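Below is one structure, written out as structure tokens, with a few remarks after it.
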Protein chains: 2
Amino acid sequence: MEDQEIRKAGLKVTAPRVKILELLENSEQRHVSAEDVYRMLLSANEDIGLATVYRVLTQFEEAGLVEKHHFEDGHSVFELNKGKHHDHIVCVTCGRVKEFVDETIEDRQKKIADELGFQISEHDLVIYGKCLDDACERKP
Amino acid sequence: MEDQEIRKAGLKVTAPRVKILELLENSEQRHVSAEDVYRMLLSANEDIGLATVYRVLTQFEEAGLVEKHHFEDGHSVFELNKGKHHDHIVCVTCGRVKEFVDETIEDRQKKIADELGFQISEHDLVIYGKCLDDACERKP
DNA sequence: AAATAAATTGAGATACCGTATCGTTGAGAG
DNA sequence: CTCTCAACGATACGGTATCTCAATTTATTT
């Protein structure tokens with residue numbers, strides 16, 4: 001049950017939080033924006049304000065339940081935290097997102113930060129490209 | 001002379017473009033936001049509108065004269081294009097930015113994109129961390 | 001050098017994303 | 001069940017970036 005996860009995060013179990021968490025868990029796309037979530041809630045006839053969506057997603061992020069990413073187009077997306085770090089590759093045309101992990105890159109990053117006198121808190125590698133999928137089209 | 005570069009970019013040589021390019025070339029910081037540029041112009045008693053600053057920077061970007069980067073805090077910065085690709089490491093506290101290049105990482109990226117069926121157009125690796133500089137302080 | 005056509009400009013309006021405020025509601029401890 | 005404080009929805013707001021449009025400027029043509 002979602003209730004447990006929310007409680008564990010130190011948050012009260014409220015309808016919006018449960019609904020949003022459910023939605024994230026059952027969503028087709030792993031990467032959704034706050035607006036996406038809001039629209040999905042409307043479709044589901046849930047009466048939840050946009051401000052609450054942002055609030056809840058931010059709280060979930062602080063609690064480590066979801067991760068937030070800022071892509072170059074200025075769009076922020078949230079995704080359920082699977083607990084495993086990964087980077088993203090985004091199609092510049094259709095917006096499709098894939099995930100990947102590469103130990104070599106991870107190691108090099110640590111080394112570089114070390115050399116430059118930084119203590120890594122996090123990082124974001126995003127590769128932008130054109131995917132070769134047949135259905136790749138610019139979104140409307 | 002800046003005129004040449006602007007002309008080569010296919011743009012008319014106008015006062016705002018020359019001033020902005022000069023400013024980028026002589027600026028202390030390599031990484032400046034549009035607002036930064038605007039404020040610098042005001043200080044220099046130039047009568048150039050904010051909209052123009054955005055327009056010119058965007059044109060410069062399209063012409064390849066500058067590069068634009070979107071950091072996680074939602075801040076965009078521009079920097080003169082030295083023609084050489086590099087990535088960034090940003091201090092989460094003081095905002096200091098350093099650049100680096102790592103061939104190993106570059107290679108791995110190409111390989112990953114290949115495997116996932118993407119044709120890389122560009123990429124952005126940003127490492128966020130805490131720098132160990134003595135003067136590191138949160139900005140006012 | 002003057003005329004002209006096209007591009008560019010500044011000011012302000014506007015769009016956009018995300019945050020803050022505020023009065024109301026409801027979760028959950030006692 | 002009652003009470004208190006956190007959480008809520010609505011809406012105003014803030015900062016960044018873009019759009020609109022009349023006025024100006026560029027650079028080409030006379």
Side-chain angles (χ1 to χ4, degrees), chain A residues 1-21 23 31-42 44-63 65-78 95 139, chain B residues 1-21 23 31-42 44-63 65-66 68-78 95 139-140:
Chain A
M1 212 52 208
E2 284 83 12
D3 297 20
Q4 292 311 315
E5 299 191 64
I6 295 173
R7 216 180 300 275
K8 236 189 297 178
L11 300 168
K12 284 188 183 175
V13 178
T14 64
R17 288 181 185 149
V18 175
K19 291 281 158 46
I20 292 174
L21 189 50
L23 211 151
H31 304 83
V32 294
S33 68
E35 286 284 343
D36 289 338
V37 171
Y38 182 57
R39 263 180 274 111
M40 291 193 243
L41 288 169
L42 288 187
N45 272 81
E46 299 293 344
D47 187 20
I48 295 179
L50 180 57
T52 301
V53 173
Y54 276 106
R55 259 188 307 235
V56 170
L57 286 174
T58 303
Q59 291 160 346
F60 281 2
E61 191 200 359
E62 281 162 3
L65 285 174
V66 304
E67 275 184 12
K68 182 181 181 181
H69 299 282
H70 218 95
F71 294 151
E72 275 294 316
D73 55 13
H75 221 78
S76 286
V77 297
F78 296 82
K139 273 194 185 172
Chain B
M1 211 55 204
E2 285 83 10
D3 296 22
Q4 293 310 315
E5 299 191 64
I6 294 173
R7 217 181 300 274
K8 236 187 300 178
L11 300 166
K12 285 189 180 173
V13 178
T14 65
R17 289 183 185 146
V18 175
K19 291 281 160 42
I20 291 174
L21 189 50
L23 210 151
H31 304 83
V32 294
S33 68
E35 285 284 343
D36 289 339
V37 172
Y38 179 59
R39 261 180 276 113
M40 290 192 242
L41 288 169
L42 287 186
N45 271 78
E46 297 295 342
D47 187 21
I48 296 180
L50 181 56
T52 301
V53 174
Y54 277 104
R55 262 188 304 235
V56 170
L57 287 173
T58 304
Q59 290 160 345
F60 282 0
E61 191 200 359
E62 281 162 4
L65 284 175
V66 304
K68 181 182 181 181
H69 300 280
H70 217 96
F71 294 152
E72 275 294 318
D73 56 13
H75 220 79
S76 285
V77 297
F78 296 83
K139 272 193 185 174

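So you know, we letter chains A, B, ... as the sequences are listed, proteins then strands, and number each from 1. Nothing here was measured: the structure is a model prediction, and the numbers come from that model. Values below: all heavy atoms of this structure, side chains included; hydrogens, waters and symmetry mates excluded.
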Between [N] ([atom2]) and [X] ([atom1]): distance, integer Å:
{"X": "Asp47(A)", "N": "dT11(D)", "atom1": "CG", "atom2": "P", "answer": "11 Å"}
{"X": "Glu61(A)", "N": "dG18(C)", "atom1": "CD", "atom2": "P", "answer": "12 Å"}
{"X": "Asn45(B)", "N": "dG10(C)", "atom1": "CG", "atom2": "P", "answer": "14 Å"}
{"X": "Leu50(B)", "N": "dG14(D)", "atom1": "CG", "atom2": "P", "answer": "17 Å"}
{"X": "Ile20(A)", "N": "dG9(D)", "atom1": "CD1", "atom2": "C1'", "answer": "12 Å"}
{"X": "Leu11(B)", "N": "dA7(C)", "atom1": "CG", "atom2": "P", "answer": "12 Å"}
{"X": "Lys19(B)", "N": "dT25(D)", "atom1": "NZ", "atom2": "P", "answer": "13 Å"}
{"X": "Leu57(A)", "N": "dT19(C)", "atom1": "CG", "atom2": "C1'", "answer": "14 Å"}

- [ ] Using a heavy-atom cut-off of under 4.0 Å over every strand shown, decide if Ile48(A) touches base, sugar-phosphate, or nothing.
- [x] sugar-phosphate
Does [N] have OP1 or OP2 sitting under 4.0 Å from an N or O in the side chain of [X]?
{"X": "Ser76(A)", "N": "dG18(C)", "answer": "yes"}
{"X": "Arg17(A)", "N": "dA7(D)", "answer": "yes"}
{"X": "Tyr54(B)", "N": "dA17(D)", "answer": "yes"}

Open item on the list: Which heavy atom of Ala9(B) sits nearest to which heavy atom of Ala63(B), and what is that distance?
Closed with: CB-CB, 3.5 Å
- [ ] Report the residue (Gly49(A) or Glu35(B)) whose heavy-atom-nearest nucleotide on DNA chain D is the more 5′ of the two.
- [x] Gly49(A)
Task: Gly10(A) vs Val13(B), nearer the 5' end of DNA chain D by closest nucleotide - done: Gly10(A)
- [ ] Supply the atom-to-atom distance Leu50(A) CG to Glu35(A) CD, rounded to the nearest 0.5 angstrom.
- [x] 5.0 Å
Open item on the list: Within this structure, what is the CD-CE distance for the pair Glu46(A) and Met40(A), rounded to the nearest 0.5 Å?
Closed with: 13.0 Å
Task: Side chain Arg55(A) and base dG9(D) donor-acceptor under 3.5 Å - done: yes
Task: Side chain of Thr14(A) (C-beta onward), nearest among dA27(C), dG9(D), dA11(C) - done: dA27(C)
Open item on the list: By nearest heavy atom, map Lys12(B) and Val53(B) onto DNA chain C; which one lands nearer the 5' end?
Closed with: Lys12(B)
- [ ] Compute whether any side-chain donor of one residue and acceptor of the other, for Arg55(B) and Thr52(B), lie under 3.5 angstrom apart.
- [x] yes
Open item on the list: Among Leu23(B), Thr58(B), Ile48(B), which residue satisfies the side-chain contact (heavy atoms from CB on, under 4.5 Å) criterion with Val53(B)?
Closed with: Ile48(B)
